[in-house]
2 protein chains.
Amino acid sequence: MDSNKKFLNGTLNTIVLALLRENGKMYGYEICQLTKDKTNEKILLTEGAIYPTLHRLEKEGMITSSKEKVNGRIRKYYAINKSSLQEVDSQINLLSQFTAHLRTLLNLSA
Amino acid sequence: MDSNKKFLNGTLNTIVLALLRENGKMYGYEICQLTKDKTNEKILLTEGAIYPTLHRLEKEGMITSSKEKVNGRIRKYYAINKSSLQEVDSQINLLSQFTAHLRTLLNLSA
DNA sequence: CAAATATACATAAGACATTTAGGTATAGCT
DNA sequence: AGCTATACCTAAATGTCTTATGTATATTTG
């Protein structure tokens, strides 16, 4: 009841892909933090959601992981596969259209 | 894979409330049709989703139904309970904020 | 006028993403 | 030494939605 958690459903996949497209490569924890920062703590991705999502996207062949040791800890970076860039664009466009239609339905400007 | 069906998850409740708030009273089939028309057939509400949603909202005390016979067929109209108007506004605002943040994340203007 | 389509409601099984809750481990600060 | 931040992971439970059916009347069309 507190945040807009329930609205996230279905959009997480595309959020991840959009952030990866913009930033080249990112790791799970970083995706959570950046989302928190960019949305003023209004959209909070949980680790229980983000990691299975990343694993699924890799399994589907959309992204590829690579491990790097940074400051003694291992980070698992993910990047979009070049062959999937078009599909990623398409998915982001779909979500973009959806939010636009939603705002029309809700009678919101812009 | 064709439409943006998956994005709907979590927003249906609020869409229904927003349409009811704007139009005073509506029946299930009408909500589906209006949504289809307003979004250029991009957001399609299915009957398997809309009716359980209306039932749930009524059970929760957010809306109230009333049956009317129109053209020989019975229609079940729903309207927002006055005591819930504030809660409805609040929910619509939350969804509005969510879509705004989402558009920021996706690097979309407006 | 018979058949197909549109209108209008409803329910139930199944799919599926996310929440909630737990677990491991290292680095850095107090 | 203990707490917090970083960083990964998994699994059971939850809950919405899809898909598939079912019923029934009104209207359109061949």
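Bear in mind that the values here come from a model prediction, so they are computed numbers and not experimental data. So you know, we letter chains A, B, ... as the sequences are listed, proteins then strands, and number each from 1. Values below: all heavy atoms of this structure, side chains included; hydrogens, waters and symmetry mates excluded.
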Measure [atom1]/[X] against [atom2]/[N] and give the value in whole Å, please.
X       : N      : atom1 : atom2 : answer
B:Ile74 : C:dA10 : CD1   : P     : 10 Å
B:Asn13 : D:dT16 : CG    : P     : 7 Å
B:Leu44 : D:dT18 : CG    : C1'   : 13 Å
B:Ile43 : D:dC17 : CD1   : C1'   : 15 Å
A:Leu57 : C:dA17 : CG    : P     : 10 Å
A:Leu45 : C:dT20 : CG    : P     : 14 Å
A:Glu68 : C:dT26 : CD    : C1'   : 17 Å
B:Ile15 : D:dT16 : CD1   : C1'   : 13 Å

Any donor-acceptor N/O pair, A:Thr104 side chain to B:Thr39 backbone, under 3.5 Å
no
Check: B:Gly61 main-chain N/O paired with B:Ser84 side-chain donor or acceptor under 3.5 Å:
yes
Angle by which the axis turns from one end of the helix from C:dC1-D:dG30 to C:dT30-D:dA1 to the other, five pairs per end, to 10 degrees
20°
Let me know, please, whether A:Val70 or B:Ala49 comes out on the 5' side of the other along DNA chain D by nearest nucleotide.
A:Val70
Which one, [options], comes nearest to the side chain of [X]?
X       : options                : result
A:Lys76 : C:dT18, D:dC8, C:dC9   : D:dC8
B:Arg75 : D:dC9, C:dA8, C:dT18   : C:dA8
A:Tyr51 : C:dA10, C:dT18, D:dT10 : D:dT10
A:His55 : C:dC9, C:dT18, D:dC9   : D:dC9

Does some side-chain heavy atom of [Y] sit less than 4.5 Å from a side-chain heavy atom of [X]?
X       : Y        : value
A:Gln91 : A:Met62  : yes
A:Asp89 : A:Arg21  : yes
A:Ile92 : B:Asn107 : no
A:Lys67 : A:Tyr27  : no
A:Phe7  : B:Leu94  : yes

If hydrophobic clusters are built by linking Ile, Leu, Val, Met, Phe, Trp and Tyr wherever their side-chain heavy atoms come under 4.5 Å apart, do B:Val16 and B:Leu85 end up in the same one?
yes
With side-chain contact (heavy atoms from CB on, under 4.5 Å) as the test, would you mind laying out the steps for A:Ile31 and A:Ile15 before giving the verdict?
CA-CA 9 Å; A:Ile31 293 174; A:Ile15 289 176; 5.7 Å; no
Just to be sure I understand the rule, does A:Gly48 reach a base, reach only the sugar-phosphate, or reach nothing, if contact means heavy atoms closer than 4.0 Å?
base
Closer to the 5' end of DNA chain C via nearest nucleotide, is it A:Asn9 or A:Arg73?
A:Asn9
Comparing nearest nucleotides in DNA chain C, the 5'-proximal residue of the pair A:Thr11, A:Glu47 is A:Thr11
Rounded at 0.5 Å granularity, tell me how far CG in B:Leu95 sits from CG in A:Leu105.
10.0 Å
Using only side-chain N and O atoms of A:Thr53, determine if any of them is under 4.0 Å from OP1 or OP2 of C:dT18.
yes
Neighbours of DNA chain C within residues 19-33 of chain A, by heavy-atom distance under 4.0 Å:
none
